[in-house]
Amino acid sequence: MSPGYVELFYLVATALFIFSLHWMNDPKTARRGVAAGAAAMFLGVAATWAQPFVVNHGWMVLAVVLGIAVGYPLSRVALTAAPQRTALSHAFGGLAAALVGTGKYYLWLSEGPEELTTFRMVAIIAEVILGCITFTGSLFAAGKLQELRWIPQRPVTYPLQNVLNIALLLAAVGIGTWLALNPATPEAAYLFPTVIVIALMFGILLIVPIGGADMPTVIAILNSYAGLAAVAMGFVLENNLLITAGALDGASGLILSIIMCKAMNRSYLNVLFGAFGSAGQTATRQEGEQGEYKADTPQSAALIMEQASNVVIIPGYGMAVAQAQHRVRELYDHLKKRGVTVRFAIHPVAGRMPGHMNVLLAEADVPYGDLVEMDDVNRDMPQCDVALVIGANDVVNPAAALDDSSPIYGMPIIEARKARTVFAIKRSMNPGFAGIENALYSDDKTWMLFGDAKHVVGEIVKELSGDAGTG
Amino acid sequence: MSPGYVELFYLVATALFIFSLHWMNDPKTARRGVAAGAAAMFLGVAATWAQPFVVNHGWMVLAVVLGIAVGYPLSRVALTAAPQRTALSHAFGGLAAALVGTGKYYLWLSEGPEELTTFRMVAIIAEVILGCITFTGSLFAAGKLQELRWIPQRPVTYPLQNVLNIALLLAAVGIGTWLALNPATPEAAYLFPTVIVIALMFGILLIVPIGGADMPTVIAILNSYAGLAAVAMGFVLENNLLITAGALDGASGLILSIIMCKAMNRSYLNVLFGAFGSAGQTATRQEGEQGEYKADTPQSAALIMEQASNVVIIPGYGMAVAQAQHRVRELYDHLKKRGVTVRFAIHPVAGRMPGHMNVLLAEADVPYGDLVEMDDVNRDMPQCDVALVIGANDVVNPAAALDDSSPIYGMPIIEARKARTVFAIKRSMNPGFAGIENALYSDDKTWMLFGDAKHVVGEIVKELSGDAGTG
Amino acid sequence: MKRRRYLPPRVIMVLSAAVGMLGLALVARSDPVTVAEAPGHAAGETDYWPMVFVFLLSTFIGLGVIRRVSRLLHTPLMSLTNAISAIAVVGAILIAGPDYPPEIRLLGGIALFASVTNIVSGFLITDRMLKMFKRDRSE
Amino acid sequence: MKRRRYLPPRVIMVLSAAVGMLGLALVARSDPVTVAEAPGHAAGETDYWPMVFVFLLSTFIGLGVIRRVSRLLHTPLMSLTNAISAIAVVGAILIAGPDYPPEIRLLGGIALFASVTNIVSGFLITDRMLKMFKRDRSE
Ligand SMILES: NC(=O)c1ccc[n+]([C@@H]2O[C@H](COP(=O)([O-])OP(=O)(O)OC[C@H]3O[C@@H](n4cnc5c(N)ncnc54)[C@H](OP(=O)(O)O)[C@@H]3O)[C@@H](O)[C@H]2O)c1
Ligand SMILES: NC(=O)c1ccc[n+]([C@@H]2O[C@H](COP(=O)([O-])OP(=O)(O)OC[C@H]3O[C@@H](n4cnc5c(N)ncnc54)[C@H](OP(=O)(O)O)[C@@H]3O)[C@@H](O)[C@H]2O)c1
């Protein structure tokens, strides 16, 4: 344990971290939560750094300055790139944990092998394995999300994949256990690096079979790994702050991933090993009958919405891709001005990360009081005159409710089909993330508005404002 | 710290205690909560006892057997005596903490005074002071609640009371601090007992000026002291289970007392030092004008309720005193049978302990779905045909809402006065706990039904059943 | 059912600050004494910080969990926490059990008796009360 | 707003049991080794139990608190917890700071750089997102 004054700071920091997360339960207090979290982090760093045995100040200041130099631009990325940034950041976190564990191991090995008790070795091995998996796994996930050309988007599957992966993991754990029991053995010189290499490989192989669109769930899981790595580091360094903060993180990742799995009606195992939306599966689906559909123009859509009294806008991933949120807010403003009740129906997994639509609409200055959760909006759907689907697909797919052979059967959806009229903006009749047909588009009351979401919504706005300058 | 296997049991016990309280959030899981709590206690005892240095088995078994012999009958007391039992039990808890602290102190003093570090001494002193206060304070509170003849019910006040009390507490803390800094000093032989005696006296003097009816709040506060004493004991014995369980307890007492203070619209300090409802205060109040009132008979009340479509029953302390809950349930049954909608309006501080009415009605087999909380029932009050007030007084006193000079002004009440007709069952026009007049009884639409609640409700039931055999 | 939040963050903040201050006071006095003087315990003595952490965290959990207990069950809650406070039994065993001088063991024995009384009566009466709560009569 | 309970007690129960089993495994191996072999640490070595308690309690707090985070804020929550996981910075300082061999300090320095990057970008982007959430336009 650290000296008393350091522990006191750690205690206060722990309390602040807890408040930080507690305050996230309401948008009104959420910014205070960020301040509390930052303050806690500052206390933790200051108290640690202030200890007399910390002497390499120059070297550390350099690292901090570099960290700020890289971190600041990373905080200015477009919000559409937020998932990639989070993944990249987890990779850094995993790297840090792995490096600290490795450093501590070699330090003890050379200076006092008797310090390498079983407990500490177990913690070090756990830290290093979790850190390495998080590192490569997150890097790979970030690459998939960024749609880097040389990283396959579609799940890559091959025979015995899961068997191979599990064998690898078992190998790492096995070697780790052996090391824990014989920490100072001469073989350690190559066995410890072997564990590192296996864990790094496992991180990649774990992500390879998972489709790009499952990445948000994977990121949440990796978040919880990063937290657990910090906990293990805390056990190694006998540091309570690392344990508490890491445990909070671990819990957060766990709960977010569970929320996402539930909202997609899938199990954890299915996400990790199911290779959902793999090429083969999609192909079969594509063969299904292509429904009839009717296209319409933004102009007539504008006319009809103008006369409606109750419009529900259902945004999805397409709005994020097209960066259409600002146009959508203009549409919202114009309709409101004409006395139309406009609300946004937010599906928990619309887009590519939890809360994705909320951030985009908040960015465009839509007041969050007009964002309605799925359960509440479904109740009012029959009273809705126009449902405007903007780049959403799976989250309004009636197959989830009606077709029990569909892979998304059982996933709760926004019941756009219950509205009197439906307009759907998308670029083509291509399916969405789950790769399946959507019967809503061939429904009698549905009109398709083909085109990029930003452009189409812009056209509608232009029509409503009766002014060519708005677009 | 204890050996690993003991700590493992402690860890599981801690988790079980947390679940135990967590499951109390719903009546459906609450009994599971008790089981979890008992299991946790069992694990804690078993793991501690199983340690090899525990050798006095005969002596301890004797203590346990005696404890069971006394504890079992205490668990069979009438539910009206539940507050006294809880208070008595806190006294035992305080006693145990004080004895353990004292024992440990003298043990270390004789066997190794160097073990008496400042940290441990602070913890021992805190444990002993908290334990002693809890012991005498709870005993005295139990006596007041039991209405023992030789313990004054009314608050006893005298000049400079608070000054004296605070001086005493400061003396105990002062001596304790000095002892903590000089633990093995020869003066300890009489200083340590002095601290004990002062703390014991303080416990009594703290309770003397508090009226019998404020006892529930005091009991909750003493509960949190008992918890904190256990925490201090945990610090002394370096025992994590004592710390966690004690902290849970401390939090519980704190929150319950805050809830009660809020529901009575009073501050903590006012409860502890306000001598609320003291003789002088009541006298002044009694001089106020005695309102006009109209009495009625159970028979006509039965007639009117039979014809009502919506009856709200508002029980209070009088129902508990008269043990009328079974009769009330019969009334509820008869009215239900006739198609009348009957609900119970439960004020958070009706009766003499939080949730008092809920337990009584549950005892009489009234389904808890028909118990409505204050805020919900107040909304529906204007649609209520008959409000039947059974031995409640302060919780329906309109002065709390209307008369800003009233001592209970600002306390949220059940708005019986908004119902079309009010029947009020009590034995006289005497005031209730707060000792103030109740304008509801002199309201135009109110009819008084004088008599013991059990008897009066029995009469109403007899009338409704048209059958003399029911009473 | 709408539940009020009984402990605004401010209050919790102040409480935790108070705990922090207490800690500070202990630190200021305790560190030199223990490290320098306690033989045989040199490494273990200053390790009370984990206990302070455990205390802080359990208090947070307690506040969070108790705030969500149903109003309906406040009376049983009081007797349940009363039973839980009988955890002092662990301390009683540690004083009564070992081969200590008889007067110490006597203190421990009384404490053990008192705690067991609480355990038995506390859990039993809580269960007795809870058994009576029924959503509808048929259960 | 109706919130679902994502973690039924059963799940939590199983998780805590798992933690307990882990603990058991550690105990079984660890106690004899550490007590007997580690010189100079004899008293301190077995004291990892408080850390296990701290871990268990923080996990409970985390589960309780995160479950109540508004759905609206799940994206900022992800980046906030990402920033909090940069607490690894503390470990990085402990490796990079002392007078250790240069290759160890290098590892620590890289870890420090990586963690600081996360701290800076994590908190700033979270705040940037949260700034955008407004109840109505006038705020
Ligand atoms: N949010 C999360 O946390 C999360 C996590 C994991 C998985 N998921 C999954 O992601 C899916 C989200 O559903 P969703 O309905 O939002 O998205 P979706 O089902 O992927 O559909 C998006 C639709 O937007 C259209 N689109 C793409 N770019 C566009 C553009 N520039 N302009 C106009 N339209 C465009 C696409 O059709 P065209 O190509 O024809 O334009 C596509 O059909 C769900 O299946 C969910 O399970 C979400
Ligand atoms: N629940 C808690 O946690 C708690 C804690 C602390 C303080 N308190 C205080 O306790 C009070 C509770 O209010 P309350 O309305 O329930 O009680 P109350 O104001 O004390 O009134 C009880 C009424 O019942 C009548 N009564 C007594 N025995 C009776 C019998 N055998 N038959 C019929 N009537 C009988 C009394 O009038 P007669 O004498 O004329 O019959 C009295 O007016 C509040 O002031 C509250 O602040 C409650």
So, the part of A:L95 with a heavy atom under 4.5 Å from chain D: the answer is side chain
Okay, A:L228 and chain D: the region with an atom under 4.5 Å from a heavy atom over there is side chain
Chain A shares the most heavy-atom pairs under 4.5 Å, among D:L77, D:L57, D:I110, with D:L77
Bottom line for A:A220: the part with an atom under 4.5 Å from chain D's heavy atoms is both
What one should report as the nearest heavy-atom pair of D:V65 and A:H22 is CG1-N, 3.3 Å
Do D:T75 and A:N358 come close enough that some side-chain heavy atom pair is under 4.5 Å? no
Looking at side-chain heavy atoms only, is the closest gap between D:V52 and A:F235 below 4.5 Å? yes
Under 4.5 Å to a heavy atom of chain A? For D:V89 that would be side chain
Under 4.5 Å to a heavy atom of chain D? For A:A230 that would be side chain
Quiz item: So, the side chain of D:N118 versus the backbone of A:H90: is there a donor-acceptor pair under 3.5 Å, distance only?
Solution: no
Looking only at D:I119, D:V120, D:L112, D:T117, most heavy-atom pairs under 4.5 Å shared with chain A are made by D:T117
Under 4.5 Å to a heavy atom of chain A? For D:L72 that would be both
Turns out that what part of A:L66 lies under 4.5 Å from chain D's heavy atoms comes down to both
Expected output: side-chain A:D249 to main-chain D:S85 donor-acceptor under 3.5 Å: yes
Bottom line for D:I95: the part with an atom under 4.5 Å from chain A's heavy atoms is side chain
- request: Look at the side chain of A:W59 and the backbone N and O of D:R105, then say whether any donor-acceptor pair between them is shorter than 3.5 Å.
  value: yes
**Prompt:** Given the rule in the side-chain hydrogen bond (donor to acceptor under 3.5 Å, both in side chains) test, do D:R128 and A:S75 qualify, once you have shown the distances and angles that lead to the verdict?
**Reply:** CA-CA 8 Å; D:R128 206 179 116 209; A:S75 78; 5.7 Å; no
Whatever's closer than 4.5 Å to a heavy atom in chain D on A:R85 counts as side chain
task = Would you indicate whether the side-chain heavy atoms of D:I84 and A:L21 approach each other to under 4.5 Å?
result = yes
Item checked: Contact check, side chains of D:F113 and A:M60, non-hydrogen atoms, under 4.5 Å -> no
Measure the shortest side-chain to side-chain distance between A:I255 and D:V69 over non-hydrogen atoms and say whether it is less than 4.5 angstrom. no
Ranked by heavy-atom pairs below 4.5 Å to chain A, first place among D:G97, D:P98, D:A88 goes to D:G97
In terms of heavy-atom pairs under 4.5 Å with chain A, the winner among D:T126, D:L124, D:L73 is D:L73
When every non-hydrogen atom of A:S89 is compared with those of D:N82, the smallest separation belongs to OG-OD1, 2.6 Å
Any heavy-atom pair between the side chains of D:I87 and A:F17 that's under 4.5 Å?
yes
With heavy-atom distances below 4.5 Å as the criterion, would you say the side chains of A:M24 and D:S70 are in contact? no
Heavy-atom side-chain proximity of D:S58 to A:V231 below 4.5 angstrom: no
Bottom line for A:V77: the part with an atom under 4.5 Å from chain D's heavy atoms is both
Heavy-atom closest pair (D:R68 atom, A:N25 atom, distance to 0.1 Å) is O-CB, 3.0 Å
Among D:K131, D:E103, D:M129, the residue with the most heavy-atom pairs under 4.5 Å to chain A is D:K131
Turns out that what part of D:I104 lies under 4.5 Å from chain A's heavy atoms comes down to side chain
